Amino acid sequence: MYYFKLAIGTLLLMALWIAFVFTTAFYGWWMSPIASAGNIDEFFRKATEIVVEENRGNAAFLLIENGRVAKEFYSSSKDSIDEDTVFSTASMSKWLTANAVMKLVQEHKIDLDLPISTYLTRWELPPSEFDNDEVTTRRLLSHTAGLTDGLGFGDYESNELIPTLEESLTNPRTSTGRKVEISINVQPGTEWHYSGGGYLILQLLIEEVSGMTFQEYMNDAFFNPLNMSRSSYGYIANIENNAGSYDRNGDAAPVYQYASIAATGFSTSSADLAKFVFAQLPQLNTNNILNRGTLESMREPHGRTSGFDIWGLGAILYAPTSNNDFIFGHDGGNDPAINSTARINPDNGDAIIVVETGHLSLATNIGSQWVLWQTGYPDVLDSAAVIVSMYLPGMLGLILLILALSYFGYRHYRQPLSVNN
C-alpha cells in the first residue's frame, strides 16, 4: 500500500509540475532574450548576425529607439539594398487597411458597429444560417466576424489578368488551391478566425465610402501626407530598386501580382515603413493622420485565443507592456519566401522593422526576439519557441521527482521491521 500511495503521489506531483511549466512558459519564465535589457547595441549586433547567417536573399532591418531610427542594416547577399529598396510585405497590408478604415471611422463616415451591409452596394455576403447583419466593421477588423476562409490568397503570374474586386470576393484564388467561399460559418462575435476574406470586404468598404479606388484613397490619405513615395499597391516588378523575390535557397523566384491588394498587396521600403511607424506614435509626432484616441482604440483587445488577447482593430497584440498596453503592429508572409514585421512598443517609442525575401520566417523570428527583449514575454507568434523552452525544465523536474520516488522507496525498503517484545 505504501508504494502505491507513493506512486500516485509522485504521478500527481509530476502532473502538477508539467502544468506549472506549461503555464509559466507562456509568460517567458524559461526563455532568455538574446541581449541584456536596454542594450540596443548588443541586440542589434546579435540580430544582424542572424540576418547575415540565415537570409539567402535580400533584407532590410531597422531599430527605432524613442521615436527615431537608431540602427539600420541592409543585406547585400544578392542585390544592392538600401533604405529606399522596395519589398513586398504580404499580410502586413492588412494593418495599413485597418488604419484606412479607422480614418473613415474617425471622420464619422463609418460606424464600427453597424452591419457592414449598410455600406455595400457592389457585393453582398452569401446567405448563411447566421444573421449576416451581425457582421460589422469592428468584427471584420478583429477577425471575429464569423468568417472562416483562412485566406491565404493565391498569386498571379506577371502575364495574368487580375480579376475585379467583386470577382475576387465571389471566387477568390487561394494559396492552397482549394475552393473557398467568403461567407459566415460561425456565429459573429463569438470566435477568432483569421480571415483574409474579411479584409477583401474592408477594401470594398473603403472604396464604397470614400468614392475612390483603394489605391487612390491610400495615396491621398496616407502615402502623400506621410511622404511615403516608395509605397504602393502596384506590381513590384515594375518598381525601380525593388528587392525582387528569392526562395529559401537564395535562388531567384517569380515576382507575383496580387488581386487582394488590401490584404496582401502592399509594397514599401524600410524608410517609408518607418514613417508609417512614426505616425503610430502621437506622443512623439504631432502630424498624425489618426488621433491618439483612434490609435489607442486599435490596441484594445477584441480577438482572443487560448485565453490570451491577440488582436485589436487590425493590429496584432504581440505581448503586454509594463504600462498595461501592448506591443502592436503586424507581420506578413507569402510565397516563395517573403516575410515582414513591424512592431511597436507604445510605452517608450521603440520599434523594429524587418522586411526580407529569401527566408520563410526570418523577420518574424527576429521580431519575436525583439518582443522578448523589450518585455520579457514571448509573443503570440512564437509558440514554437515557447514549447521548446518547456523541454529542459519539464524534463529536469520529472527526473528529480523520479529520483525522489526511488529514494523514498529505498528508504522504506531498508527500514527494519518492528519487533514485538
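The analysis underlying the following values was restricted to heavy atoms, covering all of them including side chains, and did not include hydrogens, waters or symmetry mates. Everything numeric here is computed off the predicted structure, so don't read it as measured data.
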Between [X] and [Y], is any side-chain donor less than 3.5 angstrom from a side-chain acceptor?
{"X": "Ser117", "Y": "Glu124", "answer": "no"}
{"X": "Glu54", "Y": "Asn365", "answer": "no"}
{"X": "Asn224", "Y": "Asn219", "answer": "no"}
{"X": "Glu356", "Y": "Asn58", "answer": "no"}
{"X": "Asp113", "Y": "Thr136", "answer": "no"}
{"X": "Tyr217", "Y": "Gln215", "answer": "no"}
{"X": "Asp82", "Y": "Thr85", "answer": "yes"}
{"X": "Thr321", "Y": "Asp325", "answer": "no"}
{"X": "Asp347", "Y": "Ser322", "answer": "yes"}
{"X": "His302", "Y": "Arg138", "answer": "yes"}
{"X": "Asp272", "Y": "Ser231", "answer": "yes"}
{"X": "Thr97", "Y": "Gln203", "answer": "no"}
{"X": "Tyr74", "Y": "Asp79", "answer": "no"}
{"X": "Gln369", "Y": "Asp382", "answer": "no"}
{"X": "Gln257", "Y": "Asp155", "answer": "no"}
{"X": "Tyr194", "Y": "Ser91", "answer": "yes"}
{"X": "Asp149", "Y": "Ser195", "answer": "yes"}
{"X": "Thr264", "Y": "Asn334", "answer": "yes"}

Does the plane of the ring in Trp311 sit parallel, tilted or perpendicular to the ring in His330? Use 30° and 60° as the thresholds.
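Rings of Trp311 and His330: perpendicular, as their planes differ by over 60°.
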Does the side chain of Leu125 come within less than 4.5 Å of Val135's, by heavy atoms?
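Answer yes - side chains close enough.
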Considering only heavy atoms from C-beta outward, does the side chain of Val354 approach that of Trp370 to under 4.5 Å?
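Val354 vs Trp370: side chains apart.
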Regarding Lys71 and Asp41, does a basic nitrogen lie under 4.0 Å from an acidic carboxylate oxygen?
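Counted as a salt bridge, because a side-chain N and a carboxylate O are separated by less than 4.0 Å.
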